[in-house]
Amino acid sequence: MSYFFAKLLFLNCHKCNKSLLLLFLLFFFFSLWHHLAQGLPKLPLPDLKDTLDMYLRCMKHLLTEEQFNKTQNVVKQFGAPGGVGELLQSKLVERREKKANWVYEYWLNDMYLNNRLALPVNSSPAMVFPQQHFRAPIDSLRFAAHLISGVLEYKTLLDARALPVDYARGQLAGTPLCMEQYYRLFTSYRLPGPERDTLVAQESSVMPEPEHIIVACKNQFFVLDVVINFRRLNERDLLTQLDKIVKMADSEEERLPPIGLLTSDGRTEWAESRKSTNRDSLDMIERCLCLVCLDDASGHDLSDTARALRMLHGGGLAKNGGNRWYDKPMQFVVGADGCCGVVCEHSPFEGIVLVPSKLVRAASVSELPAPRRLRWKCTPEIHKLLSSSAEKLQRLVRNLDMHVHKFHDYGKEFIKQQKMSPDAYIQVALQLAYYRCHGRPVSTYESASIRRFQEGRVDNIRSATPEALAFVKAMTDGKLSTKKMEMLYNAITAQTKYTILAITGMAIDNHLLGLRDIAHELKMEKPDLFKDEAYFISNQFILSTSQVPTTVEMFCCYGPVVPNGYGACYNPQSDHIIFSVSSFHESPQTCSSEFIKALEQGLRDMRDLCNYRKSTCSLSKQRKDRTLETHTQTDSNWQSQTQQTAADLTNSQQPLPQVLVKTSDQNKTEAQSQASKQGRH
Ligand code: COA
């Protein structure tokens, strides 16, 4: 029974009100029914042969011939009848029977908890809110109070497990989605460990526990109780409390070291230094609903790029880098200069956007106790650890090359008009941009939601398809041709097919991971497949991409996942697309602004190609109409008339009519014959 019900019962039992009890029971059964009715299917387990075949298909063009030949043999051996692959597959079948989601733990450990890298930039994405225009310092506190108030209202819904179920949009729209990750938003904590972190979930308590949030201000951490006398604070009371916190933080004599910096360090380092910090203070942070970071203004640049940088790393110790606690899933940042957003610890959930708009209308609490400052030891050892963490964070600050760009030429409506999936189209554009910058294709990750299944998180759409490579290779000059259009069409079709494979739980990355990790669990020697160089290459996601659409004007951003890679997040809107591209300055190979330039040019070239097709199609239609007209006039005239039309078109250098949406063989023949006639290839 949920925490909320326990609380409701506790609050009302003294009244012994029968109708309330009835209401409570009704609510309880409704919620239970709602939960059971969701009854999502279990994540399927793909066929071993399908996955191995697809693995070879995905890797062939990313490897040298020698590497590929070796991989082919390794795969053959692995998948041989009676071989190790079959054994591992049968163990996964058993695992699937027992678990709600056979890959969930493997995936969580592999994707997040085993990763030793620092959370800022490397792991935690951020949502950047629209720039706020605060005229006085109190305005930023009002904004923070409003935000907290919304969080509390949302938390009430979560406690009641009363969130309406999400339904899929876009590809395969209409199916219900797993809601579990919402319920982890305010109850989880990523505990650092020496080798692996743990995702701790707060247990619901039967007795209502006073809820609190942590407010960070000038690198100090304050406990702000949001439930006092069994009432959640209203916005006015929250503002009063925030004002007190700001005053307490201003007192220089009481200032404590910026302990939050330790959470920005590598996970193993933080696990170690955590032992030297105060248990009680840590406990308060681990059990809070979320953090609200009241940041100082830092610099005049309030561009999208500057704000994204500030969200991702806080600007290092000299700015707001110590005003964070990275282990907590939700850190709302409210900058005095209107730079606001939310930094998310990624392990409990995917880019779910939380921008509560409604206000809590609660009565004022007459006596508001003062918020409490968290205490920290200030030993020489702590100071040493802090300066080491500060130095590493500073390196990340210097290293991150971020570029946020709004592409205004067109948005997803134009792409839909071409009868193409906007997501697939943008992915192909990203492949084109990478190829134009670096002259080769690379392993690409696109997150695909598998929330159609119980406890579903994501799998990978391997966007560097052979069809995308054929297209980007053809796009070496600005000339338009039906052949290129056909290649674009093929690339988008391949991408869309892979997307459907992934969102229906049939992609290969989770499956391969399952096979690898179950072998480890069985204490078997690591199969050659996972020691092969190709497997390593396949997991070096030089392009790490993700679509995070929003309904309000904000955007998501994150860092690259490998030192020589790009993070590319995009937000397709009706008439524009927002891109946040990141890379590292330390890599001599990458440059975010060059990538954006290539992306923009590529998107324009792709639009021109689509318009070219449209013009050729409309010419084709005109020709057809004229043909019909002539046909009704006189049958004998028909052949010469159409021949003349075609000759006229050729002479005037107009593109020839072309119909691309046919069978692929028809397409190929037509495109080739037309292309050779135009002499463009
Ligand atoms: N012709 C015309 N319209 C088309 C079309 C076509 N051939 N194909 C798709 N569309 C339309 C869709 O109907 C949809 O319309 P809508 O805007 O009215 O809903 C729209 O185009 C978008 O569809 P599409 O671009 O194909 O993408 P999608 O919305 O299905 O998204 C994924 C694809 C992979 C991004 C999505 O399935 C997913 O998994 N999202 C989660 C990603 C994630 O986890 N991100 C966070 C990581 S932290």
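Order of listing sets the numbers, starting from 1, for every ligand and every atom in it. Counting from 1, the numbers follow the sequence of the chain as shown. On a predicted model such as this, the values are computed, not experimentally measured, just so you know.
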Side chain to side chain donor-acceptor pair (under 3.5 Å) evaluation trace for His403 with Ser593: CA-CA 6 Å; His403 202 109; Ser593 58; 4.7 Å; no
Residue among Leu45, Asn101, Val103 satisfying side-chain contact (heavy atoms from CB on, under 4.5 Å) with Arg96: Leu45
Side-chain donor-acceptor pair present, Asp423, Gln547, cut-off under 3.5 Å: yes
Polar contact flag, side-chain donor to acceptor under 3.5 angstrom, Asp327-Trp270: yes
Geometric cation-pi criterion, Arg95 with Tyr106: 6.0 Å, 45°: yes
Lys392 atom NZ: more than 12 heavy-atom contacts under 6.0 Å: yes
Close residues, ligand 1: non-hydrogen atom nearer than 4.0 Å: Arg169, Gly170, Gln171, His346, Gly351, Lys412, Lys416, Lys419, Met420, Ser421, Pro422, Asp423, Glu446, Ser447, Ala448, Ser449, Val458, Ile461, Thr499, Ile503, Ser546, Gln547, Val548
